[in-house]
S.K.: 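So that we are looking at the same thing, I have put the structure below in structure tokens.
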Amino acid sequence: MNPIRRESSYPMVSVEEAYRLINTQLTPLPAEQVPAFTAEGRIVAEDITATEAMPDIPKAMVDGYALRAGDGMAVRRVLAELTAGGSTTSTLTEGTAARIMTGAPVPTGADAVVMFEYAREQEGLLQIERAPQVGDNIRQIGQDVAVGELILAQGSVLGAAEVGLLAMIGRTSLPVYRRPRVAVISTGDEVVEPDAPRPVGAVRDSNRYALLAAVREAGCAAISLGIAPDDRTTQRELLLRGLAEADVVLTSGGVSLGTRDLVKPLLAELGTVHFGRVLFKPGKPTTFATVQGKLVFGLPGFPASSLVSFEVFVRPALRRLQGDLHPERPTVQVVLGETIRPSPDRPEYQRIQIAWRDGQLVAQTTGAQLSSRLLSLRSANGLLLVPPGDTPYQPGDMLPALLTGAIR
Ligand code: AMP
Ligand code: MG
């Protein structure tokens, strides 16, 4: 039997070094053409520019009268009524006006629109209350969009407004980066399916379901590969299946120093382990490898560790693979709402709720920060970056935090 290892043979890397090592292995996935109007959440793979001006002809911005500003305050004859979608060929001569509705084409010869509120029409004659200026209440050609104007930049995320913009310019399909396929494997003899009978001492597999949800939330397609016991052959089989089906494989558990922690040696045998230990809490044994040109993250088994490690290391990589211009969560400065105790030797990513109070972002802890305690992530929208040390941070102190969710 092998002697018990007291310390991992992998060097401890900093979080920054871990990011660097991951990023050297990343290139965005190829683009694919998809229907535009259901593409929310996808990331645009090329610049999209307008080929037409908007509006393409001058249009009335209000309901009123189209007229010639040069006729001043003189009484005008009302010749016609123009509506949106109506004639684009009408003409106004000196001393005349046309009733015009919002969005209707402004007739040739007219150079201003006067609102109904400032006009009175009686028996075909129009009296206005104030002198119009050239251009009043007219949307000029290209005012909203100019020909050649950038509509969506490569790397931007499609949301409701962006889908609307594509519809506006008549783009029915567009190239977006392919969604990464991400396979998730749990390991552990004690780990059981949540809907199966649970023998005394067994643990329901929360990691895989949390990670699969996090994978989808990160814009990827999630593949669930089940639970591998702490057995080399099954773990190897599932890993190889993941590599065949996915771009990225995530495992949870089995990366520590226990005699049944088999993931690191398996990855070393099949590929290259780029790091096997990170100076950070929770999740020190987080492991990153490439096997057959695919990325593999060996995440820790404790539920808070696996999900925080996903957030810190995996999510930015998954966003980068999709060509996201901003793959990392934003960092914000928060005011501590209560005392925060640092870890003596490692930077700690403490789970917090960030709220907007009295003009500042205030952080409240989610309670005990045990790596086994998944409740420490419930309703968390931030990870407080707590430097190592012995002195607690006091209410009112400021620290940076990763903003991982919406502020409520
Ligand atoms: P390990 O890193 O494999 O030693 O696992 C550390 C701890 O995390 C153990 O107490 C496991 O029972 C727990 N654990 C491992 N995998 C899972 C999982 N998929 N879901 C929930 N807890 C787990
Ligand atoms: Mg285990």
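For ligands, and for the atoms within them, numbers begin at 1 and follow the listed sequence.
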S.K.: Check this for me: does any side-chain nitrogen of one of Asp247 and Arg178 sit under 4.0 Å from a carboxylate oxygen of the other?
M.R.: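 Yes, Asp247 and Arg178 are salt-bridged.
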S.K.: Is a salt bridge present between Arg68 and Asp111, judged by a nitrogen-to-oxygen distance below 4.0 Å?
M.R.: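 Salt bridge: no.
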S.K.: Any ion pair linking Arg181 and Glu245 (charged N to carboxylate O, less than 4.0 Å)?
M.R.: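 The answer is no: the pair does not qualify as a salt bridge.
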S.K.: Around atom 12 (O) of ligand 1, find the nearest protein heavy atom and jot down its residue, atom name and distance.
M.R.: Glu190 OE2, 2.7 Å
S.K.: Given Ser371, Gly188, Gly301, which one has a non-hydrogen atom that is nearest to atom 5 (O) of ligand 1?
M.R.: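 Among Ser371, Gly188, Gly301, the closest heavy atom to atom 5 (O) of ligand 1 belongs to Gly301.
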S.K.: Heavy-atom contact check, 4.0 Å cutoff: does Arg260 meet ligand 1?
M.R.: no
S.K.: May I ask you to check whether Val191 has an N/O atom sitting below 3.5 Å from an N/O atom of ligand 1?
M.R.: no
S.K.: Provide, to 0.1 Å, the distance between atom 10 (O) of ligand 1 and the closest protein heavy atom, together with that atom's residue and name.
M.R.: Phe302 CE2, 3.6 Å
S.K.: So that I can tick it off, tell me whether Glu269 and Arg236 are bridged by a salt bridge, with the cut-off set at under 4.0 angstrom between side-chain N and carboxylate O.
M.R.: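 Here Arg236 pairs with Glu269 in a salt bridge, since their nearest N and O are under 4.0 Å apart.
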S.K.: Within the 4.0 Å heavy-atom shell around Gly254, which atoms of ligand 1 are there?
M.R.: 1 (P), 2 (O), 3 (O)
S.K.: Is it true that Glu237 and Arg232 make a salt bridge, defined as a side-chain N closer than 4.0 Å to a carboxylate O?
M.R.: no
S.K.: Test side-chain hydrogen bond (donor to acceptor under 3.5 Å, both in side chains) on Tyr177 and Gln154 and set out the steps.
M.R.: CA-CA 10 Å; Tyr177 291 104; Gln154 179 180 2; 2.7 Å; yes
S.K.: Check ligand 1 against Ser206 and write out every atom of the ligand that is under 4.0 Å from a heavy-atom position of the residue.
M.R.: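 By the 4.0 Å cutoff, the relevant atoms are 20 (N), 21 (C).
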S.K.: Got the closest protein heavy atom to atom 19 (N) of ligand 1, with its distance?
M.R.: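 Protein heavy atom at minimum distance: Asp205 OD1, 2.8 Å.
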S.K.: For atom 18 (C) of ligand 1, what's the nearest protein heavy-atom neighbour? Residue, atom name and distance, please.
M.R.: Asn207 ND2, 3.2 Å
S.K.: Which residue and atom name correspond to the protein heavy atom nearest atom 4 (O) of ligand 1, and how close is it?
M.R.: Asp261 OD1, 4.0 Å
S.K.: Give the atom numbers and elements of ligand 1 that come within less than 4.0 Å of a heavy atom of Ser252.
M.R.: 19 (N)
S.K.: For ligand 1, which part of Thr187 has a heavy atom less than 4.0 Å away: the side chain, the backbone, both, or neither?
M.R.: backbone
S.K.: Below 4.0 angstrom from a heavy atom of Arg204, which ligand 1 atoms are there? Numbered from 1 as shown, please.
M.R.: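 This gives 20 (N), 21 (C) as the contact atoms.
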S.K.: Does any N or O of ligand 1 fall below 3.5 Å from an N or O anywhere on Gly253, backbone included?
M.R.: no
S.K.: Do the two ring centres, one from Phe280 and one from Phe313, sit under 6.0 Å apart?
M.R.: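 That pair passes the under 6.0 Å test.
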S.K.: I'd like to check which ligand 1 atoms, numbered from 1 as shown, lie under 4.0 Å from a non-hydrogen atom of Ser186.
M.R.: 19 (N)
S.K.: For ligand 1, is there an N or O atom under 3.5 Å from any N or O atom of Arg208?
M.R.: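 Such a contact does not occur with ligand 1.
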S.K.: Please indicate whether any nitrogen or oxygen in Val255 is less than 3.5 Å from any nitrogen or oxygen in ligand 1.
M.R.: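 No - when backbone and side-chain N and O of Val255 are compared with those of ligand 1, no distance drops under 3.5 Å.
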S.K.: Might you work through the side-chain hydrogen bond (donor to acceptor under 3.5 Å, both in side chains) test for Thr286 and Ser309, ending with a clear yes or no?
M.R.: CA-CA 7 Å; Thr286 297; Ser309 286; 2.8 Å; yes
S.K.: I'd like to know if Arg315 and Glu328 make a salt bridge, using a cut-off of under 4.0 Å between side-chain N and carboxylate O.
M.R.: no
S.K.: Using the benzene-type ring in the case of Trp, are the ring centres of Tyr65 and Phe116 under 6.0 Å apart?
M.R.: yes
S.K.: From the options Val203, Ile185, Val263, select the one whose nearest heavy atom is closest to atom 22 (N) of ligand 1.
M.R.: Val203
S.K.: Looking at Glu162, Glu32, Gln322, which hits side chain to side chain donor-acceptor pair (under 3.5 Å) with Arg42?
M.R.: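 Testing Arg42 for a side chain to side chain donor-acceptor pair (under 3.5 Å) against Glu162, Glu32, Gln322 leaves exactly one candidate, Glu32.
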